[in-house]
Amino acid sequence: MIAQEHRVELADVLADFTQDLLADFNVELVLRNLCERLPAVLPIDGAGVSLVEREQEQEQLRFAQATSEDLAVAERSQSQVGEGPCYDAVATATPVHVADLSQESRWTRFTPAALAAGVHAVTAMPMMARGQVWGVVDLYSREPLRLNEEDLNAARLMAQVATNYVLHARDRETRQLAEDALRVQTLHDPLTGLPNRVLLLDRLTHALAATPRTAGTPAVLFIDLDRFKQVNDTYGHAAGDRLLLGVAHALHAVLRPSDTLARLSGDEFIVVAGEQHPERRPEGSATHLARRLLAALEHPIKVNGHSMVISASVGIAYATDGDTPESLLHAADTAMYDAKANIGTNADERIAVNDRRDRAAVPSLLQVEGELATALDGGQLRLHYQPVVDLRSGAVAGAEALIRWQHPSRGLLAPEAFLPAAEVTGQIVALGRWVTTTACQALRAVGHRLPGADFRLALNASPRELHHPDFVPALRESVAEAVVDPHLLCVEVTEATLISDLGETSAVLAQIRQLGVRVAVDDFGTGFSSLAYLHRLPVDTLKIDQSFVKTMTTAPAGEVIVAHVISLAHGLGLTVTAEGIETVQQRRRLHEMGCDHGQGYALGRPAATLAPA
């Protein structure tokens, strides 16, 4: 036991020690504080620390910190010569005491080096935690010294506190590296390093928000390379990738620093250009910029000794009132296909503008609002159900309800064709209510065929729905009317929704769980947020975004990120579902990494009926 006077002294030092570390700590700071604080508690002249490094099943000691430079010499000498009390303390996981080094004969190389540094006594305390040794704290005296039991207990306590802080600091640094890799993977194309779709949509959001404050109009230029497939077929995909890198470099050289160049997918590139003037000809318009981009591609690009020249088609759309990033991008995509259809030879023939200022050509938000109202009242909406599979057993563990619109003239429309407009008009709340009611009735109809109590039918909730005051009451009412077990339902919210208003969102999610309905975080990794918020939210499941699953088997970083997210989720007591599984290889690897559930075309496509069994 530590004597009373030692307790008071030790408590004061530990309080100061802990206060310093809580403010901002990393491994170096922790160990520096430890070495500085130990002489205040113990009758020693200083301390040193060496940490255990484990690489390829081998352990090595590395110098980490010391109170002074001469003691650092003694501390370093142990790892340099490969012997000393440090090594014995690691090997035995017990303290090693040497009261007088001048009488010590165990270490023929360390002992002379320590005496030359002015050290005459040393006690090596192993840093123990989580069932193993993480390093050694060496207590040095310039005179022969044998520490008593109270001193040793105080040293052991200080070392234990420091060890736990070191491990927490390392965990935090590892988590930060994973978060940084996750963020880079989320926001950038792995081949070209350009912004990908996620970052592109974010840039478009900011460009649209800034429109009232700027003199011009944001424009999107959708660039699609012509006959790129022939390059892959003739020279191989590696050559195709090098050509894409050359194209990215050529296009980027033409742009202003304020413009964004992104790679959407395959051979499609997007330019977001701010402050464009469609009424000006030629210098102030996006058309003029498109000509410059096409001219940049006229210069040959060297690929494997071949000089390649590739042309492109460009579609242009200027932002209009009520545009969302998705609608603006879609308008430019439509214009690009118009340019492709021209099959022109000169630049102007390969550029098309979707001039939506002609409102007769494009439905207004008012028209879309009216059509959606008709769809709700006229039975034009449909639910399709995509199965969620247990990756261990292969059994169906649930499904996700996906809304469709059977439009009378445009055919069956996917959500991205009308949900952005519904979000703007506010009709998303009514659509969500319809989805909930319909899904609950479908559950009731197949209740006798459910595979078990673990089955979950997932319903997506948009930010506007989630924060609507009637959302939870409407959910409760739909469950009651259909007479279904609320545990069979799961509400999915995107990561971006969670962090938009963490306090309010957390309160709503808590109410949902009080109903007995589960909560899942959808599209995890795309919300520009920290992994640390998860433990503060009432959620049950993490759904890994399909962009990470897609790159998991093609890019080393992708697999590292997925493995880290699975480990993080399980550590927080959450189940994990991987989205967008398209290959047997992806399914097998996710199963090996411990992922609980999967969803994607390789496991089952959306169907018009709920078939859980």
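Worth knowing before you read on, the calculation uses all heavy atoms, side chains too, and leaves out hydrogens, waters and symmetry mates.
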Looking at every non-hydrogen atom in both residues, tell me the closest pair between [X] and [Y] and how far apart they are.
{"X": "Asp390", "Y": "Ala397", "answer": "N-CB, 4.1 Å"}
{"X": "Ala332", "Y": "Val220", "answer": "CB-CG1, 3.6 Å"}
{"X": "Leu383", "Y": "Ala439", "answer": "CD1-N, 3.8 Å"}
{"X": "Ala375", "Y": "Trp405", "answer": "CB-NE1, 3.3 Å"}
{"X": "Gly598", "Y": "Ile581", "answer": "CA-CD1, 3.6 Å"}
{"X": "Cys490", "Y": "Ala520", "answer": "SG-CB, 3.6 Å"}

In Å, rounded to the nearest 0.5 Å, how long is the span from [atom1] of [X] to [atom2] of [Y]?
{"X": "Leu419", "Y": "Asn460", "atom1": "CG", "atom2": "CG", "answer": "9.0 Å"}
{"X": "Leu328", "Y": "Leu208", "atom1": "CG", "atom2": "CG", "answer": "6.0 Å"}
{"X": "Asp485", "Y": "Leu443", "atom1": "CG", "atom2": "CG", "answer": "9.5 Å"}
{"X": "Ser547", "Y": "Lys550", "atom1": "OG", "atom2": "NZ", "answer": "9.0 Å"}
{"X": "Leu391", "Y": "Cys595", "atom1": "CG", "atom2": "SG", "answer": "5.0 Å"}
{"X": "Glu582", "Y": "Leu603", "atom1": "CD", "atom2": "CG", "answer": "10.5 Å"}

_Applying side-chain contact (heavy atoms from CB on, under 4.5 Å) to Leu515 and Arg476, what does each step give before you reach the verdict?_
CA-CA 7 Å; Leu515 297 179; Arg476 183 189 299 111; 3.5 Å; yes
Under 3.5 Å: donor-acceptor pair, side chain of [X], backbone of [Y]:
{"X": "His467", "Y": "Pro463", "result": "yes"}
{"X": "Arg456", "Y": "His487", "result": "yes"}
{"X": "Asp540", "Y": "Arg518", "result": "no"}
{"X": "His597", "Y": "Val388", "result": "no"}
{"X": "Asp323", "Y": "Thr320", "result": "yes"}
{"X": "Ser478", "Y": "Ala474", "result": "yes"}
{"X": "Asp523", "Y": "Thr494", "result": "no"}
{"X": "Ser327", "Y": "Thr324", "result": "yes"}

Is the closest side-chain heavy-atom distance between [X] and [Y] below 4.5 Å?
{"X": "Ser462", "Y": "Glu423", "value": "yes"}
{"X": "Tyr318", "Y": "Val353", "value": "yes"}
{"X": "Leu381", "Y": "Arg404", "value": "no"}
{"X": "Leu244", "Y": "Leu225", "value": "yes"}
{"X": "Thr609", "Y": "Tyr385", "value": "no"}
{"X": "Val493", "Y": "Asp522", "value": "no"}
{"X": "Leu475", "Y": "Ile512", "value": "yes"}
{"X": "Phe471", "Y": "Gln511", "value": "no"}

Please list, one pair per line, the donor and acceptor atoms closer than 3.5 Å that link side chains of residues 261-273 to other protein atoms, with sequence neighbours excluded.
| residue | atom | partner | partner atom | Å |
| --- | --- | --- | --- | --- |
| Arg263 | NE | Gly266 | O | 2.9 |
| Arg263 | NH1 | Asp189 | OD1 | 3.1 |
| Arg263 | NH1 | Asp189 | OD2 | 3.2 |
| Arg263 | NH2 | Gly266 | O | 2.9 |
| Ser265 | OG | Glu268 | OE1 | 3.3 |

_Test salt bridge (Lys or Arg N to Asp or Glu O under 4.0 Å) on Glu559 and Arg589; report intermediate values, then the result._
CA-CA 9 Å; Glu559 181 165 322; Arg589 190 67 193 102; 2.8 Å; yes
*State, without any angle test, whether Ser313 and Asp226 hold a side-chain donor-acceptor pair at a distance under 3.5 Å.*
yes
_Carboxylate-amine/guanidinium proximity below 4.0 Å for Glu477 and Arg433_ = yes
*Between Thr541 and Thr575, does a side-chain hydrogen bond (donor to acceptor under 3.5 Å, both in side chains) hold up when you go through it step by step?*
CA-CA 5 Å; Thr541 299; Thr575 60; 2.8 Å; yes
*Residues Thr577, Asp596; criterion side-chain contact (heavy atoms from CB on, under 4.5 Å); working and verdict*: CA-CA 6 Å; Thr577 299; Asp596 304 295; 6.0 Å; no
*Start with the C-alpha distance between Leu200 and Asn196, add both sets of side-chain angles, then the distance that settles side-chain contact (heavy atoms from CB on, under 4.5 Å), and finish with yes or no.*
CA-CA 6 Å; Leu200 170 65; Asn196 64 8; over 6 Å; no
_Working note: Gln586 + His591, criterion side-chain contact (heavy atoms from CB on, under 4.5 Å); need CA distance, chi angles, decisive distance, verdict._
CA-CA 9 Å; Gln586 290 171 346; His591 170 58; over 6 Å; no
*asked:* Check this for me: Arg382, atom CZ, are more than 12 non-hydrogen atoms of other residues, nucleotides or ligands nearer than 6.0 Å?
replied: yes
*Do you know which of Glu579, Gln546, Gln386 makes side-chain hydrogen bond (donor to acceptor under 3.5 Å, both in side chains) with Gln599?*
Gln386
*asked:* What verdict does the side-chain hydrogen bond (donor to acceptor under 3.5 Å, both in side chains) test give for Gln427 and Thr425, after you've listed the backbone C-alpha separation in whole Å, the side-chain angles of each residue and the deciding distance to 0.1 Å?
replied: CA-CA 6 Å; Gln427 290 170 298; Thr425 63; 3.0 Å; yes
